[in-house]
Amino acid sequence: MYNHTEIEKKWQKRWKDAGVFRADNASKKPKFYALMEFPYPSGAGLHVGHVRGYTAMDIIARKRRMDGYSVLYPIGWDAFGLPTENYAIKTERRPADVTAENIAIFKQQMKAIGLSFDWDREVNTTDPTYYKWTQWMFLEFFKAGLAYKKAMPINWCVSCKIGLANEEVVGGACERCGGVVEKRDKEQWMIAITKYAERLINDLATVDYLEKIKKQQIDWIGRSEGAVVKFYIKETSEQIPVFTTRIDTIYSGTFLVLAPEHEYIDLWRSLIANWDEVASYRAATASIPDIERTSADRERTGVGLKGITALNPATGEEMPVWISDFVLAHYGTGAVFADAHDQRDFDLAKKYNLPLKTSLVPPDPSIKEAVERLEICFEGEGTLVRSGEFDGMISAQAREKITAHLSEQGLAEAQTTYKLRDWVFSRQRYWGEPIPLVWCDACAKTDHARKEAVHIFHGWFDSAESGFIPALKSNLEQKGYDVVAVDAPNTEAPVFDEWLAFGEAQLAKTHSTPTLVGHSMGAHLALKLAETHKVKRLVAVAPVGMQPSDVYFAQFKTKLSKKELAIFRAYQDHGMDVEAIKRNVGELIFVFSNNDPWITSEIVEQYKAAFGDVARFIFVEEMGHMSHDSGCRRVPFVEALFDRVRADGWIPVPEDQLPIELPDVERYEPTDSGESPLAAIDAWVKTTCPECGSLARRETDTMPNWAGSSWYFLRYADAQNDKAFASKKVLAHWMPVDWYNGGMEHTTLHLLYSRFWNKFLYDRGYVLTSEPYAKRTSHGLILAEDGSKMSKSKGNVVNPNDIIASHGADTLRLYEMFIGPFDQPVPWSEQGVVGVYKFLKRVFELSHHIVECEAPTVIKMLHKTIKKVTEDIEAMRFNTAIAQMMTFVNTVYDEGGLTAASLLEFLLVLSPFAPHIVEEMYEKHGQGLAMTQAWPSFDIALVQDKTVTIGVQVNGKVRADVTIAADASSKEARKAALAEPNVVKHLEGKEIKKFVYVQGRIINIVVDS
RNA sequence: GGGCGGAUGGCGGAAUUGGUAGACGCGCUGGACUCAAAAUCCAGUGGUAGCAAUACUGUGAGGGUUCGAUUCCCUCUCCGCCCACCA
């Protein structure tokens, strides 16, 4: 009898005792990192929807182990956030206690499913040993100048007097009290994800994500190429910048529309004749949410600014200026030029009798007349008319030409904008990571004049004004450094002694310990200077060799003149005191490009050999010598090495004082001033400034739920590390994630945030891959039996424990995989569970059907099954893999049994799906654990059928079957087909016009009808 | 309004990507075992007609391409998800 409860308990214990799922950081086998999104441990417990994804990745992880990989399949808890906090408030309990309780339930449930997680690596975002590093990473963003404070509107409930999350606002009202919600400005921490927008799009080309996931990412970032056009205001001579993606329609621009909030409007107050009307319109629109303002079927409203006139930069014609609420202040420049080729503009113009004209002819001639007569609005692309010298061009070409034309006159500039906004990183809530910053009044008032000096040394043929130096200088100055970049003597024919003297003279001007950046010969100079000077940090970009070498110079004989070669050689004609440099330099960084014609791999190896033990090496792609000649104007990887020098009163908490732990609080509700509950705890808020020791206040905002989940996959690699979030060595072993699966609902935000976070850490040199996930798939939702979404409130949540108790974990796993296509939503079916349970019972009974000699069809079907299951797992077609295994078992029963050897092979392919029952049977008939055996291979000769049964059609209708050799010739097929009586009947008295034969597929005989 | 999916028996779903539509499972019908039930086993199961052979019909609707269309193209209807006046 198949006793699932007993079997499953037995094997779960054995696996645990043997530690078979523990991942080995030092394994010599190829690695495979399987990742499934970690759950939010809600009070509802694990439900069958979670099980779908976890089981799928478990099958893949188990198969990879059998394929010979060293597999990491970890799990953890994304536990900060509103649901727990609100539950804690309601029940007057501590969020930490509620979380611990929920996790215990989830954990018990997961263990009962037999998932092959490495529980030694369990992470919990609310654990101080975890969020210490989330805080540390926030400080990295802060130091890099990517975290900043900005006033952002929050949802404010007037009666509760607290800020609300978007999801707490239901239909414009407060979820708790039903009261009015208004927008209120609050200073928020922001993270500048938009700086990574371009890379977040471009690097998608390097990863294997489902196409629709890539598309969603690209659309969310929403890159749009356009131009900023300047419109003069006649009365004030001011220029209003307008962002447009349709500069091709500028000749039809007949009026200008500003957002009601546009900053210029107040400045023009005295000029606006109808100010009262304008003011009341602005007041009326202020409280309307953006979604409503921008809703397509809303009637357009607006007010003209009487007394203000703009000039069309292309035509010079005068344009009325209006305000309307469909224009949003925070998108683009908060202003649009309006014309007959935009429905919104068109509607507004029609309503208020504003001037309109067309400048595009649509490609569809049938609507041309109506467009010309301004009866309908044409928004598409067309051919230009009434557009001066651009007449006859098509839209795409015209955009390019008009932008160039206006740019020459200084009236426009090509610009790329993104839909993506910077990341609002503050919450005024308790249950999140405290932001580890301290506000110090004393420091805010102090002039931080002790600027750090950075000396930049250029190379041969370059100057302080060429190549990447100007951009680097201005970037570092913006960050608060004192940058010195001066031309070295005799740039065309550098002499080492002259350059060294020049370097010495430069350094003499600096009092503090300087940072040196050098390029090519300048890098060599910087290194030589470091032999005798203390240097805080030295960045050597494409440094020339440490000493001359005949072999090295021989390769430049054709490239350089004799004279040049001599200069090059002479410059390096001295050794380098490696030990002295190591002693004097605080941090040593080398930058090399893979295709540098001058700095060959030989030189790179020299530096690696000499400084490899202490220095950091950055290798960039396709940057040549990074000189002026090779067109190098910017070195972002060098710029990224420099942190912003603090310029205000926000002081980072030093690393050794992290984590800033959440204190125990009486009340978890936000305060009525809109601050987080932390603000009410004086003892926690008051602290001393880590910088100057005077009295200071802690930041009381906490981080969003997305923070901890943006890097958890890195922590899994080295979850116990207390020196770093993960060691580089271990990260090098496991990263990137080879296969990441999760819900479709996370394919925009979480995926984008975590990719961004990883890229940032990559730029800081803490992780080694720029993309965190090599492959991403998403699974569909499991719906309730009636097709609606499962939710605790509807009471239709299916608890996996119930199925495990009645039919077992193997049945649950198998059923969830059999239920339907993995990437699509599927309704749960209680009755469907029975089918796979019966199958498992039939599998278990196979023990009693072992024979000495099995039918050839059994062995053939076995190999077909191995092939199909192997392929289907890779493509996540679990449902058809299981169907094939069912077919195999049916065949075995039909054919009277199978050999012990065949049974063992079959058990191996079943093992990732139903591991418990398989181990139980494998123990009885085989040796060792099934899960540690090699994945079976199939015999291609057995898989291919020698004879096939194919249909015979007459005029496309099947009239008979014939069984012929798989590779039968057309002649043989024809003979077989014409031997079928029913075929002959349908051919009677008709002439065969055509005979179609597709080997192994079909025969079709075409006759006159 | 935009983007992406989807629509196949009573139900969940297969179909080697243009080649016998309905694999596999559920359900249902009949039978065996049983005092009986459950479990198990055997047979049948898209619809219509027929004892049957077989014929007609059939993948949301309509049209097209093709020897042949669930698959490709066009038009339309409905459903789901994501995003929504993005200039």
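Note that the coordinates shown come from a computational prediction; the quantities given were computed from them, not determined experimentally. Note that these values count all heavy atoms, side chains included, but never hydrogens, waters or copies made by symmetry. Protein chains get the first letters and strands the later ones, always in sequence-line order, with residue 1 at the start of each.
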[X] near the nucleic acid: base, sugar-phosphate alone, or nothing, with a heavy-atom cut-off under 4.0 Å?
X        : result
R842(A)  : sugar-phosphate
D961(A)  : base
I819(A)  : sugar-phosphate
Q831(A)  : sugar-phosphate
K993(A)  : nothing
R877(A)  : nothing
V1006(A) : sugar-phosphate
V826(A)  : sugar-phosphate
T244(A)  : sugar-phosphate
D823(A)  : nothing

5'-to-3' dot-bracket of RNA chain B (Watson-Crick, G-U; under 3.5 angstrom; crossing pairs as [ ]; | other strand): (((((((..(((......[....)))((((((.......))))))((((....))))..(((((..]....))))))))))))....

Please measure how far the [atom1] atom in [N] lies from the corresponding atom in [M], and state the result in whole Å.
N      : M      : atom1 : answer
C81(B) : C56(B) : C1'   : 41 Å
A55(B) : G64(B) : C1'   : 28 Å
G68(B) : G5(B)  : P     : 29 Å
U75(B) : A21(B) : P     : 29 Å
U70(B) : A53(B) : C1'   : 29 Å
C28(B) : C67(B) : C1'   : 39 Å

Ring center gap for F255(A) and W322(A) short of 6.0 angstrom: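 Judged by ring-centre distance (under 6.0 Å), F255(A) and W322(A) do not meet the cut-off.
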
F888(A) ring center within less than 6.0 Å of F906(A) ring center: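 Yes: the rings meet the under 6.0 Å criterion.
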
Syn or anti for G60(B) (syn when the glycosidic angle lies within 90° of 0):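 G60(B): anti glycosidic orientation.
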
